[in-house]
2 protein chains.
Amino acid sequence: MAAPRKSSSNRRATVSIRDVARRARVSIATVSRAVNRVPTVDPDLAKRVWKAVAEVGYVPNTQARALVSGRSHILGLIVSEITNPFFPELVQEFENLAVAQGYEVMIGSTNYDAERTEQLIRRMLQRSVDGVAVMTFGIEEDIIKRLVEPDFPLVFVDAGPDLPNIRLLKVNYDEGIREAVQHLAALGHREIAFISGPLRLRSAAARRDAFRKSMADLGLAVPARHLVEGDHTLEGGMAAIEKLAALPELPTAVVCSNDMTAIGVLHGLFRTTYKVPEDISVVGFDDIHLAQFVLPPLTTVQMSCNSLAAAAVQALRAGIEPENARAPQSEWPIATHLVVRRSTTFPRGTLPALKRKAASAKAGKK
Amino acid sequence: MAAPRKSSSNRRATVSIRDVARRARVSIATVSRAVNRVPTVDPDLAKRVWKAVAEVGYVPNTQARALVSGRSHILGLIVSEITNPFFPELVQEFENLAVAQGYEVMIGSTNYDAERTEQLIRRMLQRSVDGVAVMTFGIEEDIIKRLVEPDFPLVFVDAGPDLPNIRLLKVNYDEGIREAVQHLAALGHREIAFISGPLRLRSAAARRDAFRKSMADLGLAVPARHLVEGDHTLEGGMAAIEKLAALPELPTAVVCSNDMTAIGVLHGLFRTTYKVPEDISVVGFDDIHLAQFVLPPLTTVQMSCNSLAAAAVQALRAGIEPENARAPQSEWPIATHLVVRRSTTFPRGTLPALKRKAASAKAGKK
DNA sequence: CGCATTGCGGAAAACGCTTTCTAAAACAGA
DNA sequence: TCTGTTTTAGAAAGCGTTTTCCGCAATGCG
């Protein structure tokens with residue numbers, strides 16, 4: 001059907017290890033060893049090989065390499081929604097690190113859809129990725145467990161099946177959310193609402209629980225009407241704040257499960273007569289880039305996607321190359337911390353408990 | 001060094017074409033043909049093969065397939081900045097289409113950096129992608145030309161070297177920008193400024209030129225001080241509007257080269273006493289998702305990333321599988337159109353030229 | 001019924017690489 | 001000088017596919 005490959009391939013003229021071998025007058029085995037820096041090859045020979053490599057412009061064929069070595073040097077990265085601004089930041093960082101360590105990245109987003117997720121994993125396995133980081137924050141782990149061999153390197157966030165091949169990135173939600181709640185309480189807030197993400201996400205539930213715990217620890221009540229379920233989108237945030245605004249009396253502060261929700265709240269409130277932060281303080285979660293640029297700049301809990309990405313890559317490599325792993329670590333802690341900007345201040349008519357904090361927050365103008 | 005592969009591979013237990021062949025009592029050649037739906041194989045045999053495939057859970061090894069067929073079924077997609085919200089939308093669409101057509105996608109962002117771009121292309125070639133869509137809107141085409149064989153399928157946006165392997169996605173900036181300018185002129189604006197992107201980007205220059213042309217055609221002057229160069233980021237938009245605000249008299253409307261810039265303008269103006277749209281009308285470009293949700297919702301020129309992605313995938317396939325290509329098309333037109341929202345209205349004290357348009361824009365409340 | 005033709009499945013040769021196995025050379029010790 | 005040991009490079013066996021080539025059986029035709 002096709003013309004003989006040799007004569008006129010319509011792919012790029014492929015220069016193979018054989019060409020290098022011929023040029024350097026050595027066997028292909030030696031070329032392979034030299035290129036892979038196997039130490040037993042004579043330095044002079046190696047030099048000759050490298051020269052030939054440069055001369056003929058040799059680039060090893062990754063497919064062939066993967067075929068024989070069983071390693072593709074590709075890491076799978078599964079996120080929930082590439083269009084949610086948090087994830088591109090994560091993806092970028094992950095990719096930078098992976099590439100720096102000799103890996104390629106295969107990205108996919110689940111869009112919270114089980115079938116799509118299954119497809120995605122299948123595709124990744126078919127491309128024989130060396131491991132997968134599942135950064136969806138808590139969805140579909142059963143699908144993954146079902147599709148994947150029990151010794152396949154996997155990284156989950158927060159929680160996952162307790163198997164030796166699975167590494168966990170444990171995000172310390174409590175820490176940052178406690179800081180947020182204490183910050184609000186210190187400003188004088190007592191009525192604080194929480195807009196969660198979709199509760200089937202482990203991370204969403206975890207954040208909500210952290211909120212409740214922090215409130216309880218301060219002796220503050222959280223009536224059911226102050227816990228609204230959102231969906232981690234801007235639109236969801238707008239809808240949620242509308243629900244809260246419909247209450248006989250509004251809480252004086254709202255903590256949101258992610259920044260997009262918080263931004264939605266900001267936008268929702270712009271349409272009302274309520275002002276942020278004077279009437280209502282708003283706190284986000286994630287600290288996406290955009291958070292600094294909304295109006296007012298968003299006070300939020302930072303979950304560093306740098307450390308998240310770094311931990312994920314490290315953890316994956318630990319699973320893929322056990323020989324290079326240092327400590328056989330199975331849990332990787334991720335810190336979270338409050339970043340105070342302008343979207344929080346003391347409630348109208350309430351004197352702040354802590355002068356200092358109030359002063360810094362007060363700088364928020366409009 | 002390693003244990004004999006057969007006995008205890010630490011990769012997933014790989015079931016190969018041989019296992020299927022054994023099970024179906026046919027040769028591996030037949031399995032291959034059946035799996036690839038070659039029509040010459042007897043339907044009964046094919047059925048037997050498929051049954052065996054299902055029974056042993058066979059999944060073809062893409063690496064081996066790529067090695068022998070010379071096609072990886074991977075499309076490269078190069079964008080400038082994955083963290084610019086326009087691109088994730090594009091990426092998502094591109095990926096959906098590619099996957100639906102049997103391709104995988106390898107994504108990379110240049111971050112406007114030449115060295116990084118070169119690295120990226122090298123990586124893509126090393127993974128032997130079947131073709132690359134360069135959606136950076138005009139950067140580094142020389143790098144690509146240098147690294148890539150002259151018959152390698154390539155897709156560029158706007159313009160590129162005139163080679164037979166290169167397909168061009170021709171975005172019709174004129175159309176949408178003309179609509180924007182006419183819309184503003186119809187509302188009564190005469191002093192309209194333009195904030196461009198980085199002018200070394202072809203697309204940025206093209207948008208600016210389209211703006212100048214549209215203005216000229218309406219007999220409107222564009223003094224140099226009304227042409228500000230931005231950088232397509234939110235921060236750049238804020239900086240640019242500050243520059244304009246420092247002018248003895250502000251223009252009554254600003255057209256921006258992309259939505260992030262426009263959003264930056266919105267934010268910049270919030271810090272002043274000027275109101276959008278009452279004091280200044282703002283128009284964006286791209287129509288990213290966020291544009292609907294800023295305050296006020298942004299009037300913008302929509303460049304459909306759906307059609308952009310669709311055209312890119314189609315054009316790539318046309319280059320990769322010439323046998324399946326319909327018309328040997330080398331230019332793919334992309335339309336742009338104005339979407340009127342709330343960030344534009346007639347200038348203070350000016351009666352709109354066109355009653356109707358003004359009425360629809362007037363709906364903007366605040 | 002015999003011969004040419006067609007249809008279809010199997011054997012085997014790649015694809016480009018890694019890695020094992022083997023053998024040659026170099027060296028040391030007796 | 002010969003044997004035994006250590007290097008180090010080459011030969012060759014795969015890795016899991018696709019695809020060509022070949023041969024066998026079945027069919028059509030005279």
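A note on names: the letters A, B, ... follow the listed sequences, proteins ahead of strands, and every chain is numbered from 1.
Checked against dC17(C), dT19(D), dT18(D), the side chain of Ala29(B) finds its nearest nucleotide in dT19(D). With dC17(C), dG16(C), dA9(D) as the choices, the nucleotide that has an atom nearest any side-chain atom of Thr30(A) turns out to be dA9(D). Side-chain proximity of Leu67(B) to dT18(C), dC15(C), dG9(C): nearest is dC15(C). For Ile17(B), counting side-chain heavy atoms from C-beta on, the closest listed nucleotide (dT17(D), dA9(D), dG9(C)) is dT17(D). Comparing atom distances between the Arg33(B) side chain and each of dT18(D), dT20(D), dC17(C) picks out dT20(D) as nearest.
Whole-Å rounding puts the Asn36(A) CG to dT19(C) P distance at 7 Å. Between the CZ atom of Arg22(A) and the C1' atom of dG16(C) there is a distance of 13 Å, given to the nearest Å. The interatomic distance linking Arg18(A) (CZ) with dA11(D) (P) rounds to 12 Å, in whole Å. Separating the CZ atom of Arg65(B) from the P atom of dC17(C) is a distance of 21 Å, rounded to the nearest angstrom. With rounding to whole Å, Asp42(A) atom CG is found 15 Å from dT6(D) atom C1'. Taking atom CD of residue Gln63(A) and atom P of nucleotide dC15(D), one finds them 18 Å apart after rounding to whole Å. We find that CZ of Arg71(B) is positioned 15 Å from C1' of dC15(C), with the value rounded to whole Å. Straight-line distance from the CZ atom of Arg25(B) to the P atom of dG9(C): 16 Å, rounded to whole Å.
Nucleic acid contact for Leu45(B): sugar-phosphate only, since backbone atoms but no base atoms lie under 4.0 Å from a heavy atom of the residue. Ser16(A) comes within contact range of the sugar-phosphate backbone alone, with a heavy-atom separation under 4.0 Å but no base atom that close.
Contacts of residues 50-58 of chain A with DNA chain D (heavy atom under 4.0 Å): none.
Between dG16(D) and Thr14(B), a contact under 4.0 Å exists linking OP1 or OP2 to a side-chain N or O. Listed pair Asn61(A) / dC15(C) fails the phosphate criterion, with no side-chain N or O lying under 4.0 Å from OP1 or OP2. Contact between the side-chain N/O atoms of Thr40(B) and the OP1/OP2 oxygens of dG7(C) is not found at any separation under 4.0 Å. Under 4.0 angstrom from either OP1 or OP2 of dG10(D) there lies at least one side-chain N or O belonging to Ser27(A).
Side-chain atoms of Arg23(B) do not come within 3.5 Å of backbone N or O of Glu55(B) as any donor-acceptor pair. At distances below 3.5 Å, at least one donor-acceptor pair connects side-chain atoms of Ser69(B) with backbone N or O atoms of Arg65(B). No donor-acceptor pair under 3.5 Å is formed between the side chain of Arg33(B) and the backbone N or O of Val38(B).
Separation of atoms CD1 (Ile78(B)) and CD1 (Ile144(B)) is listed at 5.0 Å; rounding is to 0.5 Å. For the atom pair Ile74(B) CD1 and Ser128(B) OG, the distance stands at 6.5 Å (nearest 0.5 Å).
Salt bridge annotation for Glu104(B)-Arg127(B): absent, with no cationic side-chain nitrogen under 4.0 angstrom from a carboxylate oxygen.
The minimum heavy-atom distance between Gln126(B) and Pro60(A), with the atom names listed, is NE2-O, 3.5 Å.
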